[in-house]
Amino acid sequence: MTLELGVLVSGNGSNLQAILDAIAARTLDARVRVVVSNQPGAFAVERARQASVPSVVCSHKDYASRQAFDQRLIELLQEAGAEWIVLAGFMRILTPEFMQAFKGRVLNIHPALLPAFPGTHAIRQALAYGVKITGCTVHWVDSGVDSGPIVLQEAVPVLDNDTEESLGERIHRAEHALFVDALRKLSQGSIAPPGQA
Ligand code: GRF
């Protein structure tokens with residue numbers, strides 16, 4: 001099936017780019033219906049523009065509550081015809097109302113081998129802890145932070161002289177392939193949403 005995607009972003013958007021590139025190369029059967037950024041300056045928005053994909057900036061700061069912001073996100077995504085929601089570096093926690101609206105249809109990518117190092121500083125924490133192997137995880141989103149059923153993982157070795165930057169670069173490269181792979185498997189029916197396996 002063709003996946004109708006809504007992609008939520010907050011920053012650089014290199015994962016969004018990997019998805020757009022795979023669609024353009026016809027190695028992923030999907031359409032990005034809309035990219036929504038909560039950060040006005042996010043480079044991800046420029047990437048969407050360059051790919052002629054609709055994008056919307058919707059700043060959480062313009063809303064009185066998390067619920068009101070998420071309600072607007074739900075509207076934007078539904079109006080655009082998004083059926084599957086991809087969190088590609090989206091730095092906001094979603095409400096139970098949002099999760100209910102897209103139950104079992106929200107995927108996230110995280111730069112660590114969950115359940116190790118959840119949260120915003122996964123790469124720094126992996127280095128500080130001294131793990132020899134870290135990686136990245138694609139998972140279904142539930143109501144927790146970086147929790148929910150794991151879909152795919154890729155291991156990335158930590159090298160002796162790694163910095164946050166050098167390790168981050170290798171993890172990002174692994175992420176791009178892994179996220180596209182997960183979406184491809186979803187479109188081909190070889191992975192199923194939680195509860196439907
Ligand atoms: C990625 O490392 C992802 O795992 C995390 O946020 C980062 C987003 O990077 N959730 P980018 O904006 O896709 O380049």
Side-chain angles (χ1 to χ4, degrees), residues 3 5-24 28 30 32 34-51 53 55-60 73 82 84-94 98-99 102 106-129 131 133-158 162-184 186:
L3 301 177
L5 303 178
V7 185
L8 299 184
V9 296
S10 302
N12 179 22
S14 66
N15 280 284
L16 166 68
Q17 190 68 58
I19 293 166
L20 291 170
D21 290 349
I23 293 171
L28 173 63
V32 177
V34 69
V35 172
V36 183
S37 173
N38 69 311
Q39 292 291 353
F43 187 58
V45 174
E46 175 60 20
R47 294 181 191 270
R49 207 188 56 75
Q50 280 176 14
V53 160
S55 59
V56 184
V57 172
C58 178
S59 172
H60 56 281
L73 285 185
W84 301 91
I85 311 306
V86 173
L87 307 184
F90 185 62
M91 303 302 283
R92 304 285 304 167
I93 293 167
L94 294 162
F98 185 96
M99 296 316 302
F102 295 104
V106 186
L107 280 169
N108 183 42
I109 183 128
H110 183 74
L113 293 176
L114 291 172
F117 310 120
T120 40
H121 301 296
I123 299 169
R124 188 180 312 166
Q125 286 172 355
L127 266 182
Y129 201 95
V131 294
I133 295 173
T134 182
C136 49
T137 303
V138 174
H139 67 98
W140 294 107
V141 177
D142 65 11
S143 53
V145 175
D146 297 322
S147 67
I150 289 172
V151 177
L152 291 178
Q153 290 188 307
E154 180 79 28
V156 174
V158 181
D162 256 338
T163 60
E164 203 175 324
E165 206 192 353
S166 63
L167 178 59
E169 244 171 56
R170 290 205 311 288
I171 291 177
H172 275 110
R173 240 178 287 135
E175 281 187 337
H176 301 158
L178 196 72
F179 220 174
V180 168
D181 197 25
L183 291 168
R184 189 182 299 118
L186 180 63

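All values below were derived from every heavy atom in this structure, side-chain atoms included, with hydrogens, water molecules and symmetry-related copies excluded. What you see is a predicted model, and the numbers here were worked out from it, not measured in a lab. As the structure lists them, so they are numbered: ligands from 1, and atoms in each ligand from 1.
Under the 4.0 angstrom criterion for non-hydrogen atoms, G13 is in contact with ligand 1.
E175 OE2, 2.3 Å is the protein heavy atom nearest to atom 4 (O) of ligand 1. Protein heavy atom at the shortest distance from atom 10 (N) of ligand 1 is I109 O, 3.0 Å. Among all protein heavy atoms, the one lying closest to atom 6 (O) of ligand 1 is G89 CA, 3.4 Å. Atom 14 (O) of ligand 1 has S14 OG, 2.5 Å as its closest protein atom, hydrogens excluded (heavy atom only).
At a threshold of 4.5 Å between non-hydrogen side-chain atoms, the residues I85 and F98 count as touching. The shortest distance between side-chain heavy atoms of V141 and M99 falls below 4.5 Å. Side-chain atoms of I19 and F179, non-hydrogen and from C-beta on, do get closer than 4.5 Å to each other.
Checked against F90 for a side-chain contact (heavy atoms from CB on, under 4.5 Å), the options V7, L73, V9 give a single hit: L73.
Contact annotation for H172 and ligand 1: only side-chain heavy atoms (C-beta onward) come within less than 4.0 Å of the ligand.
Using a distance-only test at 3.5 Å, with no hydrogens or angles considered, no donor-acceptor pair links the side chain of S55 to the main chain of A48.
Note on ring orientation: taking the six-membered ring where Trp is involved, the planes of Y129 and F117 are perpendicular (angle over 60°, cut-offs 30° and 60°).
Residue H110 has at least one heavy-atom neighbour below 4.0 Å for each of these atoms of ligand 1: 4 (O).
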